[in-house]
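Here the structure is laid out as structure tokens; the discussion comes afterwards.
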Amino acid sequence: MTETTQKEKVIRSVYDSQHTILAGIEKLHCPGGFECDATYGNGSFWKGRERPKHCFDITPLHEGVIKADSLMLPLEAGTLRNFVFDPPFLTYVKAGREHNSKVAMTARFGGYYRYDELEDHYRGTLSEAWRVLKPGGVMVFKCQDVIHNHKMHATHVNVCNWAEYEGFRLLDLFVLPAKSRMPGPQKGTQRHARVFHSYFLVFVKPGKLKP
């Protein structure tokens with residue numbers, strides 16, 4: 001095997017495509033494929049690949065997606081090998097949850113009005129993921145840091161702390177740079193660097209994964 005071929009087979013922590021990151025996560029941590037997407041949205045995660053067996057969204061946009069809140073999924077405890085969560089990250093969005101905002105990005109992806117609403121949703125979903133995952137099960141959590149009310153919130157750090165509180169262990173971390181300017185609430189004089197990347201955090205529920 002040449003050095004170039006060997007490098008091509010190495011899975012890196014930074015890619016400019018979420019599909020490449022998902023492929024890397026699948027190869028390393030979910031070799032049987034992904035089983036659940038708790039916030040399916042428009043399905044962009046699964047474009048060009050097989051979508052999970054269980055797909056949920058609070059406002060389903062596609063056939064076969066079950067209406068359910070990621071805080072309370074219609075699944076028995078300890079039934080999943082893995083769990084994917086790609087929640088909204090935008091703040092100052094008054095009508096984001098119902099996708100009826102007049103702002104294009106929030107109409108498509110949803111959002112939260114205050115950062116504590118984001119925290120409640122993220123922490124509650126971590127608790128639900130802990131419930132439905134088998135011991136040894138994996139949670140894939142996509143998030144982005146947020147500037148809210150002139151304050152920097154290192155959301156990826158917060159998520160790691162919230163996940164640890166539930167009992168999860170951080171297994172892996174991937175970074176996705178933005179290909180274009182990402183949305184944000186900043187107006188007027190710039191006080192913080194524009195966030196141009198998001199994270200794919202991979203957590204594991206301790207234990208031995210059984211069939």
Side-chain angles (χ1 to χ4, degrees), residues 17-19 21-22 25-26 29-30 33-75 79-101 103-133 137-146 153 155-156 158-160 162-163 166 168 173-174 176 178 182-183 197-203 205:
S17 162
Q18 70 177 11
H19 298 292
I21 289 177
L22 283 172
I25 293 173
E26 183 175 13
H29 308 299
C30 306
F34 296 104
E35 292 186 346
C36 175
D37 185 346
T39 47
Y40 189 81
N42 65 1
S44 62
F45 249 33
W46 314 108
K47 187 176 180 180
R49 63 187 302 129
E50 183 177 358
R51 77 181 193 179
K53 176 182 178 182
H54 303 284
C55 297
F56 305 101
D57 201 278
I58 196 168
T59 52
L61 303 175
H62 294 275
E63 185 178 352
V65 179
I66 298 172
K67 181 178 177 61
D69 193 321
S70 63
L71 304 176
M72 188 182 300
L73 298 174
L75 296 170
T79 57
L80 295 179
R81 298 170 64 88
N82 57 69
F83 182 110
V84 178
F85 183 48
D86 176 23
F89 62 87
L90 298 170
T91 52
Y92 290 122
V93 180
K94 293 183 179 180
R97 289 189 196 85
E98 291 74 31
H99 298 275
N100 59 3
S101 171
V103 180
M105 284 297 296
T106 57
R108 181 180 176 190
F109 297 110
Y112 313 91
Y113 188 52
R114 302 187 310 273
Y115 192 83
D116 65 319
E117 292 180 352
L118 177 150
E119 177 177 350
D120 288 345
H121 187 202
Y122 286 18
R123 297 191 74 161
T125 303
L126 282 163
S127 295
E128 181 66 351
W130 180 270
R131 184 186 73 82
V132 299
L133 283 170
V138 168
M139 181 181 193
V140 180
F141 196 129
K142 185 181 177 184
C143 64
Q144 181 184 320
D145 296 338
V146 175
H153 294 269
T155 301
H156 77 285
N158 293 338
V159 171
C160 288
W162 299 334
E166 291 296 331
F168 285 106
L173 181 152
F174 295 79
L176 175 67
M182 301 186 81
H197 62 282
S198 55
Y199 297 89
F200 283 73
L201 305 172
V202 184
F203 300 106
K205 181 176 179 177

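- Proximity of Tyr40 to Ile66: side-chain heavy atoms (C-beta onward) are nowhere separated by under 4.5 Å.
- Remark: side-chain polar atoms of Glu35 are not paired, donor with acceptor, to backbone N or O of Leu80 under 3.5 angstrom.
- Taking all atoms of both residues into account, the shortest heavy-atom contact from Glu166 to Ser127 is OE2-OG, 2.6 Å.
- The distance from atom CE of Met139 to atom SG of Cys36, rounded to the nearest 0.5 Å, is 9.0 Å.
- The CG atom of Leu176 sits 9.5 Å away from the CG atom of Leu22 when rounded to the nearest 0.5 Å.
- A heavy-atom distance below 4.5 Å is not found between the side chains of Glu128 and Ser70.
- Panel note: side chain Lys205, backbone Trp130; a donor-acceptor pair is recorded below 3.5 Å.
- We find the CZ-NE2 distance between Arg49 and His19 to be 8.5 Å, quoted to the nearest 0.5 Å.
- The aromatic rings of Tyr199 and His197 sit perpendicular to each other, their planes meeting at more than 60°, with 30° as the lower class boundary.
- Here the closest non-hydrogen pair linking Trp46 and Asp37 is NE1-OD2, 2.8 Å.
- Going from atom CZ of Phe200 over to atom NE2 of His156 covers 14.5 Å, rounded to the nearest 0.5 Å.
- Of all the heavy atoms in Leu126 and Ala163, the pair that sits closest is CD1-N, 3.7 Å.
- When all heavy atoms of Leu75 and Thr79 are compared, the closest pair comes out as CB-OG1, 4.2 Å.
- Between the side chain of Asn82 and the backbone N or O of Gly33, at least one donor-acceptor pair lies under 3.5 Å.
- Listed for the Thr39 side chain is a donor-acceptor partner under 3.5 Å among the backbone atoms of Asp86.
- A donor-acceptor pair is defined here as one N or O able to donate and one able to accept, closer than 3.5 Å; such a pair exists between the side chain of Asp57 and the backbone of Gly41.
- Between Tyr122 and Phe85, the ring planes lie perpendicular to each other; the angle is over 60°, past the 30° to 60° tilted range.
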Before you tell me yes or no, could you show the steps for Phe141 and Thr125 under side chain to side chain contact (heavy atoms under 4.5 Å, CB included), namely the whole-Å CA-CA distance, both residues' side-chain angles and the distance that decides it to 0.1 Å? CA-CA 10 Å; Phe141 196 129; Thr125 303; 5.7 Å; no
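- Note that CG of Asn158 and SG of Cys143 are 9.0 Å apart. Values are rounded to the nearest 0.5 Å.
- With a 4.5 Å cut-off on side-chain heavy atoms, His121 and Leu71 count as touching.
- Contact record, Phe45 with Gln18: CE1-OE1, 3.2 Å, taken as the closest heavy-atom pair.
- Side chain of Asn42 to backbone of Leu61: no donor-acceptor contact under 3.5 angstrom is found.
- Taking CG from Leu133 and CZ from Arg131, the interatomic distance works out to 10.0 Å, rounded to the nearest 0.5 Å.
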Quick one: do Leu118 and His153 satisfy side chain to side chain contact (heavy atoms under 4.5 Å, CB included)? Show the steps, please. CA-CA 11 Å; Leu118 177 150; His153 294 269; over 6 Å; no
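- Side chain of Lys67 to backbone of Ile58: a donor-acceptor contact under 3.5 angstrom is found.
- Ring-plane geometry between Phe203 and Phe168 is classed as tilted, the angle between the planes lying from 30 to 60 degrees on a 0 to 90 degree scale.
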